[in-house]
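See structure below.
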Amino acid sequence: MNPNYPVYIVSKGRWKTRLTSKALERIGVPYRIVVEASEREAYEQAVGSDKVLVLPEEYKQGYDACDEAGEEKGKGPGPARNFCWAHSIYLGASRHWVMDDNIASFNRLNRNLMVKVTNGAIFRAAEDFFDRYENIALAGFNYDFFAKAKEPLPAYVLNTRIYSCLLINNDLTFRWRGRYNEDTDLSLRVLKAGLCTVQFNAFLQEKATTQTMEGGNTAEFYAKEGTLPKSQMLERLHPDVAEVVWRFNRWHHHVDYTPFKRTKLKRKAGVTIPEGVNNYGMKLVKTHEPTQHGQGNH
């Protein structure tokens with residue numbers, strides 16, 4: 001039980017840690033990993049040449065960083081994400097998954113239990129939900145630390161930001177932009193266009209906290225300049241709903257998503273909602289490998 005749509009990881013400087021690729025390999029989900037040309041050999045030695053795609057230089061040269069720094073700083077993961085989008089269209093796919101490279105595991109939250117999954121069934125279930133509706137632009141899994149197993153939560157939340165693990169409708173006219181906060185910017189642009197986003201609480205990603213791992217944007221941006229520039233950029237791009245705030249001893253952005261809560265899902269003509277519960281073959285099995293939440297694998 002694997003995803004129908006292609007899966008991409010965008011990675012930089014993390015061929016040794018490779019959290020997301022290792023997590024996908026453990027559950028048998030095929031993927032491609034997009035890397036810088038200078039790091040190609042290191043990644044090929046780590047995962048095999050068949051999984052590695054090199055980011056073409058033109059995707060960086062033509063990228064809209066949404067600031068005046070130009071080539072003085074790296075442009076973040078946006079160019080690689082746009083390449084993933086184009087590559088999936090080249091393959092003939094109508095959707096694609098794109099993920100950060102610091103996701104340690106994928107989990108299911110059900111009946112007050114958060115457990116690791118051992119195959120790609122949650123990806124297939126998310127795709128099937130996505131494909132029932134005509135106005136979903138983005139979907140993705142919530143962070144495990146935002147979904148507490150002992151708190152009542154809906155299976156999904158509509159019209160909020162989608163971070164780090166995204167299922168994207170390839171028909172969108174939007175593309176990634178911005179040196180920072182490109183996830184939030186893309187989420188806001190599709191919401192302002194009257195489309196929906198779906199953030200699953202039933203399916204979760206165990207993601208390393210920003211700035212806690214070497215590689216990626218940590219050394220390139222945050223270690224040098226902190227988090228203020230990325231928050232300021234989002235406020236500049238979306239002053240109607242975003243503002244810079246000081247929380248937890250660093251600068252953050254705060255976004256008001258309430259203006260978009262009135263947008264409802266539109267089911268495709270002829271599509272009916274299945275009756276009963278479809279667990280996609282998943283069974284709860286206790287193993288000897290506990291998760292950080294104290295439960296076994298699923």
Side-chain angles (χ1 to χ4, degrees), residues 1 3 19-20 22-24 26-29 97 99-130 132 136 138-167 183-184 187 196-213 245-250 252-258 260-261 264-265 273-298:
M1 184 68 72
L19 289 187
T20 307
K22 290 178 180 177
L24 292 176
R26 282 196 302 271
I27 63 177
V29 171
W97 293 90
M99 305 178 190
D100 290 351
D101 60 357
N102 56 353
I103 302 171
S105 71
F106 297 93
N107 307 325
R108 183 184 180 188
L109 178 59
N110 185 45
R111 299 180 183 271
N112 298 117
L113 288 175
M114 188 184 301
V115 291
K116 291 181 181 178
V117 298
T118 56
N119 64 26
I122 62 171
F123 294 92
R124 180 71 67 84
E127 291 173 346
D128 287 352
F129 183 95
F130 194 118
R132 292 180 192 135
I136 299 179
L138 312 171
F141 303 157
N142 199 0
Y143 293 157
D144 64 332
F145 47 79
F146 286 150
K148 306 300 182 184
K150 300 303 180 183
E151 295 179 2
L153 291 170
Y156 63 88
V157 174
L158 289 181
N159 305 336
T160 186
R161 89 290 184 273
I162 310 298
Y163 285 166
S164 302
C165 175
L166 298 94
L167 177 60
D183 300 86
T184 308
S187 298
C196 287
T197 66
V198 178
Q199 181 192 74
F200 291 100
N201 288 323
F203 312 133
L204 303 168
Q205 53 177 313
E206 183 184 342
K207 184 176 180 292
T209 307
T210 300
Q211 303 181 61
T212 61
M213 286 182 63
V245 296
W246 178 261
R247 290 180 180 173
F248 311 114
N249 296 315
R250 65 184 178 96
H252 294 260
H253 61 269
H254 173 73
V255 177
D256 179 13
Y257 289 97
T258 56
F260 313 112
K261 295 302 181 180
K264 305 299 182 184
L265 292 173
I273 303 300
E275 295 183 2
V277 176
N278 181 358
N279 284 310
Y280 287 78
M282 287 184 284
K283 298 179 180 179
L284 186 62
V285 178
K286 188 173 183 179
T287 72
H288 297 294
E289 182 188 353
T291 70
Q292 68 176 21
H293 305 281
Q295 303 296 332
N297 287 342
H298 191 72

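Because the structure is a prediction, the values reported are computed rather than measured. In this chain, residues are counted from 1 in sequence order.
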If every non-hydrogen atom of V245 is compared with every non-hydrogen atom of H253, which pair is closest and at what distance?
-> CG2-C, 4.4 Å
Over all heavy atoms of both residues, which pair between L109 and K148 is shortest? Give the atoms and the distance, please.
-> CD2-O, 4.5 Å
Interatomic spacing from CE in M99 to CZ in F106 - rounded to 0.5 Å = 4.5 Å
The reported gap from OG1 in T20 to NZ in K207 (rounded to nearest 0.5 angstrom) is 8.5 Å
Nearest heavy-atom neighbours spanning S187 and I162 = OG-N, 3.1 Å
When rounded to the nearest 0.5 angstrom, what distance separates NZ in K22 from CD1 in I103?
-> 14.5 Å
Output all residues satisfying side-chain contact (heavy atoms from CB on, under 4.5 Å) with L265, sequence neighbours left out; order by chain, then residue number.
-> F129, Y133, N135, I136, Y156, L158, C196, V198
N279 and R108: side chain donor to acceptor below 3.5 Å = yes
Result for side chain to side chain contact (heavy atoms under 4.5 Å, CB included) between T197 and one of L166, L138, V157 points to L138
Looking at F130 versus F123, is the centre-to-centre ring distance below 6.0 Å?
-> no
Of the non-hydrogen atoms in V117 and M282, which two are nearest, and what is the gap between them?
-> CG1-SD, 4.4 Å
Looking only at heavy atoms, the pair that brings Q205 and S164 closest together is OE1-CB, 3.4 Å
Sequence neighbours excluded, which residues qualify as side-chain contact (heavy atoms from CB on, under 4.5 Å) partners of F146?
-> N142, Y143, R161
For the side chain of D256 and the backbone of T258, is there at least one donor-acceptor N/O pair under 3.5 Å apart?
-> yes
Minimal non-hydrogen separation, N159 against F260, with atom names = ND2-O, 2.9 Å
Between the CE atom in M1 and the OG1 atom in T118, the distance rounded to the nearest 0.5 Å is 12.0 Å
At what distance, to the nearest 0.5 angstrom, does CZ of R124 lie from OH of Y280?
-> 8.0 Å
Taking the inter-plane angle between the rings of W97 and F141 on a 0 to 90° scale, is it parallel (under 30°), tilted (30 to 60°) or perpendicular (over 60°)?
-> tilted
About how many Å separate CG of L153 and CG of L204, when rounded to the nearest 0.5 Å?
-> 8.5 Å
